[in-house]
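Let me begin by presenting the structure, written as structure tokens, before commenting on it.
Heavy atoms only: backbone and side chains are in, while hydrogens, waters and symmetry mates are out.
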Amino acid sequence: MELSREEVQHIATLCRIGMTDEELGRLRAQLSHILEQFEVLRQVDTEGVPPTGHLMLQESVLREDSPAPSAPQEGVLSNAPSREGELFRVKAVLEE
Amino acid sequence: MSELWELPLHEAAHLLGGRQLSAEELTRACLERIQQVESQVRAFVTQTQELASQQARRADQRLARGEATFLTGTPMQLKDNLCTQGIRTTCSSRMLEPFVPIYDATVTERLSQQGAVLLGKGNMDEFAMGSSTENSAFFPTHNPWALERVPGGSSGGPAAAVASGEAIYALGSDTGGSIRQPAALCGIVGLKPTYGLVSRYGLVAFASSLDQIGPMTRDVTDCALVLQAIAGHDPRDSTSIPRPVPDYRRALTGDIRGLRLGIPQEYYGQGIEEGVKESLTQAIKVLEGLGAVVEECSLPSTHYALACYYIIAPSECSANLARYDGVKYGFSFQDTLSMWEAMEKTRQHGFGPEVKRRILLGTYALSAGYYDAYYLKAQKVRTLIRQEFEEAFQRFDALVTPTSPTVAFRLGEKTEDPVQMYLSDICTIPANMAGIPAISIPCGTVEGLPVGMQLMAKPLGEETLLRLAYAYEQATPWHTQRPPL
């Protein structure tokens, strides 16, 4: 399964990972090679087989709807790469 | 055995309880051992000497008051993807290099409540992706049995620390074999519990339907003790099993007469080294000698497990690692004008090559137009893998296979081609796909390098695994052997 450069760039944009041209070329080759390994799954007859989404032994797990303290604000902010008072500082979200 | 740091956990606990040994002495011995060998082994990302000494003193007070449990005062290491409040937790990634959690993982809490002593955080493949610990963004860990070789991965740090005598025991995590394979390569015991037995709260998530935390120890008794401490329902993990935990020590009887063992032929094929096959052949003879009934069987879906895993795990990881955006914590690339660029550059520079490969693979497999052919198909194959195990466990109490296709390989030997590295996991991946418990125990050496035997059982079959493993261990010398470090 050969991936094109455009496809790899598209995927990289979807998962928001920046890439140099060199990295793009290298990843294109590596991902194509890895995807080849998956061709073996085409041989498997999965007609009528339900997918396994999870291994849960039980259904939806619920708890009482009773309020409890959240994480302390200072703690939550303590790892902030960029902070302004009680707020996480980010780049402009809306662009021209 | 002459050094305190060589003690298995159960012997240390016995001496501590009988006040023949203090937690301070034992901790000091481990800290000295770390001083002695760590520059060669490099099992630790972060060492917590002062904290360890404080915890040891408190443990001694508890022991003196008669308020101790079997883990009180015992020095251990936690893999660096387990949150430890106030202590850097990096997942061996630049992305989390500055990250200090504000809470303890449930397993951290459970060990801490018992008064276990934390020596530090264990080196790993970045975000638990890898089979050699060479994907650590910081430095590789070296196998104590042969320093130019890998300890396995992704729990290479914990495995090496336990094998080298730096820690009496450790906790690792296992998504596709990351406890069992390094345990095999380092000659120790590693258990991946049934999915849901041990709470994942506070484990930095890689693949949520596959990840499990488990013990890495010097022998099977130690494994049972540690499992006892960490297993059990946790309301903070909605995938945790709400059933009471048995007393795992009761499984250590030594009697395996009549237990039915299946030998799935797909695990003994071309990709397995001759020396490994030979060790397993001998080990199976020992099990027969102890009264187990052995029969060959076939699990055809084994051939598809690797491809299946390398679609499902990256897909789940692409979702779990989407949170690393440089906004609330972790590495953040600030020198840009726009939000998207900041995010893209953060992830470009924060993640290593293997992590990026897997996120891209997963994003592709889940994307529009490819979801059916890849992710959905893999989920169906996963059902087949699970069903095959279910059928097998109607005939057998456990299945016996090699843990790793090879003994420890050289640093740099498999880093050229990602697929070569992925093949290290062919024997371990199926257990994660099916959510069943699996243990690796030492079963010999090939040219001085340890070989591991894997036992797999049905869900919540840990007692069967421990019973078999213990009986085998007690009939063989491997658990007393130490690397010449």
Below 4.5 Å, heavy-atom pairs only: which of [options] has the largest tally toward chain B?
options                    : value
A:L31, A:V90, A:V8         : A:L31
A:S82, A:P72, A:A80, A:C15 : A:C15
A:E39, A:R16, A:K91        : A:R16

Checklist entry - Can you check side chain to side chain contact (heavy atoms under 4.5 Å, CB included) on B:L361 and A:L35, steps first, answer last? => result CA-CA 8 Å; B:L361 257 179; A:L35 286 171; 3.8 Å; yes
What is the minimum heavy-atom distance between [X] and [Y], and which atoms define it?
X      : Y      : answer
B:A307 : A:V40  : CB-CG1, 3.8 Å
B:S332 : A:P81  : CB-CB, 3.4 Å
B:S367 : A:L14  : CB-CD1, 4.3 Å
A:G18  : B:Q348 : O-CG, 3.1 Å
B:V100 : A:N79  : O-ND2, 2.7 Å

Checklist entry - Given A:M19 and B:L360, is the side chain to side chain contact (heavy atoms under 4.5 Å, CB included) satisfied, shown in steps? => result CA-CA 12 Å; A:M19 215 159 278; B:L360 288 168; 3.9 Å; yes
Checklist entry - Between the side chains of B:K377 and A:T46, is a donor N or O closer than 3.5 angstrom to an acceptor N or O? => result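 Note: B:K377 and A:T46 side chains meet the donor-acceptor criterion.
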In Å and rounded to the nearest 0.5 Å, what is the [atom1] to [atom2] distance from [X] to [Y]?
X      : Y      : atom1 : atom2 : value
B:Q334 : A:R89  : CD    : CZ    : 9.0 Å
B:K328 : A:L77  : NZ    : CG    : 11.0 Å
A:I17  : B:Y324 : CD1   : OH    : 13.0 Å

Given that the side chain runs from C-beta out, which part of [X] has a heavy atom under 4.5 Å from chain B: side chain, backbone, both or neither?
X     : answer
A:Q30 : side chain
A:F38 : both
A:L27 : side chain
A:L3  : side chain

Using a cut-off of under 4.5 Å on heavy-atom pairs, state which of [options] scores highest against chain A.
options                : result
B:I102, B:T383, B:D417 : B:T383
B:Y304, B:Y422, B:F99  : B:Y304
B:H303, B:R386, B:E341 : B:R386
B:T336, B:L376, B:L306 : B:T336
B:I311, B:L384, B:I359 : B:I311
B:T346, B:I385, B:V381 : B:V381

Chain A heavy atoms under 4.5 Å from [X]: which part of the residue, side chain, backbone, both or neither?
X      : value
B:Y370 : side chain
B:A365 : neither
B:L321 : neither
B:N432 : backbone
B:Y103 : neither
B:A322 : neither

Next on the checklist: Please check if the number of heavy atoms outside A:L87 that lie under 6.0 Å from its CG is greater than 12.
Outcome noted: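 Yes, the 6.0 Å shell around CG holds more than 12 heavy atoms from other groups.
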Checklist entry - In terms of side-chain geometry, is the basic nitrogen of A:E23 or B:K356 positioned less than 4.0 Å from the acidic oxygen of its partner? => result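 So A:E23 pairs with B:K356 through a salt bridge.
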Checklist entry - Does some side-chain heavy atom of A:T52 sit less than 4.5 Å from a side-chain heavy atom of B:I312? => result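 A side-chain contact is absent here, since even the closest heavy-atom pair is not under 4.5 Å.
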